[in-house]
Amino acid sequence: MKIAQHERLFRKKNIEDFGVIYETYYTKIYEYCFRHVSNRETAQDLAQDVFVKAFSAIDGYSDYGKILNYLYVIAKNLCTDHYRKKKTISFDDLDLYEGEDEMSKREDVLVVRNALRKLSDIEREIVILRFYQDLKIKDIATIMGMTLSTTKYHLKKGIQELERCLK
Amino acid sequence: MMREKEIKKKLMAYEVVAADLEKMNAGKKEIEKMYGTRKKSISYGAFLIEQVRFIQLSSWLLEGMVLLFLFVSACMLVDSMDYLEAVGLSSALTPLIIVMQAEAFGKSFSFKMNELEAATKFSLKHLVTARLCIFGVVNLVSLSAWIVFLSHLLKMHILYMIAYTCVPFNIATIGMFLILLYGSEQDFIYKAGALTLMVVVVFFGFSIRPQIYYAKNMISVWIVLLGLTAFVQGVSAFKLIKKAATFHNVYAKS
């Protein structure tokens with residue numbers, strides 16, 4: 001059965017189809033959460049919360065076109081909430097880069113993370129969705145609840161800021 | 001200018017740590033366990049009854065008491081006042097029908113665990129529409145009883161009474177919808193109470209000079225106002241359903 005058919009059945013709260021949806025999109029949602037929280041445990045907890053909430057109120061999904069857009073909307077709100085509550089940024093993931101060979105990688109990661117932190121919340125969100133999650137501008141606009149032109153404007157601003165920081 | 005591809009390449013230096021597969025599978029099983037045994041849907045009737053129960057008994061009792069107060073005061077007014085003054089004052093008191101529902105009404109649009117639980121059976125859109133319908137039916141019954149009673153008591157044609165009573169009522173209702181649409185749900189009952197009181201005071205002002213505002217030749221103005229307020233009321237109710245049923249609204253608060 002194709003994923004589109006599972007998505008249709010998922011809307012009817014069929015738990016078997018939920019399993020397929022979970023397996024298909026878990027990694028994408030986890031990666032998205034990770035880019036926000038930089039911690040594996042927290043990102044996995046958030047990803048699970050996304051699916052719990054998605055299953056609780058699946059009917060709102062029609063407003064976002066694709067089910068993945070709907071999952072990103074919930075993930076975006078959960079990550080925002082997480083920022084609000086914690087107000088700190090984790091650096092746990094940097095522990096993975098140990099040893100001399102890994103030091104330059106660690107530096108690159110720090111440069112990228114600092115560059116992302118310099119963006120406004122909206123720009124960072126759009127950059128993450130565009131470059132890390134490979135979404136189309138149209139889908140990003142749906143997720144952000146913005147018009148296409150506003151999304152393009154923020155993306156352009158984000159790219160300009162990244163160009164400056166990553167030179 | 002650095003190209004998008006180059007930026008992407010540089011951004012990719014920030015790698016994601018692979019997810020713990022055991023935790024992922026445990027999460028899936030937990031959710032399946034959570035929802036797998038749950039009754040997935042109920043009939044529309046059962047859903048409506050569930051939503052009626054959400055409104056506390058005290059709200060229904062208060063509504064009854066307000067109606068009783070209105071009936072008694074109207075009886076007293078008609079004996080001690082000029083006929084048109086009594087019409088004006090009765091019209092001004094009509095928004096009190098809705099103010100007693102303010103608490104239950106405001107709570108209906110503040111989504112918490114109960115609402116998420118209900119949304120596993122029907123969508124949030126259904127939930128909001130069901131609650132608006134319940135309040136709508138109760139108001140329609142109360143308002144109809146009030147209009148029939150007044151037209152009988154004041155010996156006035158029922159169409160006149162509909163125009164005089166429904167206009168202030170609609171304005172108070174629109175105010176409540178607008179507070180929920182563009183304001184916060186915090187202290188909704190106080191805001192709604194203040195707004196209703198303002199509507200009562202304004203229409204009370206009209207009743208001081210009833211010969212001008214409630215004269216028979218003014219009925220066309222009242223009818224236009226009735227149509228206009230009913231239209232705005234409908235539009236705001238539609239917008240409220242749309243706003244209340246979006247995820248931005250629910251999950252921003254979670």
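Protein chains get the first letters and strands the later ones, always in sequence-line order, with residue 1 at the start of each.
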For A/Y30, all residues meeting side chain to side chain donor-acceptor pair (under 3.5 Å), sequence neighbours excluded | none

Can you tell which of B/M24, B/E30, B/K8 has the highest number of heavy-atom pairs within less than 4.5 Å of chain A?
->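 Top count of heavy-atom pairs under 4.5 Å with chain A: B/M24.
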
Tell me, side chain or backbone of A/V111 under 4.5 Å from chain B's heavy atoms, or both, or neither?
->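 Contact with chain B is absent: no heavy atom of A/V111 under 4.5 Å.
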
A/R35 versus chain B, the contacting section by heavy-atom distance below 4.5 Å | both

Within 6.0 angstrom of B/M12 CE, more than 12 heavy atoms from elsewhere = yes

What residues, two or more places apart in sequence or in another chain, satisfy side-chain contact (heavy atoms from CB on, under 4.5 Å) together with A/E161?
-> A/K118, A/L119, A/R164, A/C165

Please determine, among A/E41, A/R40, A/Q44, the option with the most heavy-atom pairs under 4.5 Å with chain B.
->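 The candidate making the most pairs under 4.5 Å is A/Q44.
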
Should the ring pair B/Y14 and A/Y132 be called parallel, tilted or perpendicular, given that the plane angle runs from 0 to 90° and is split at 30 and 60?
->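 Correct class here is perpendicular.
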
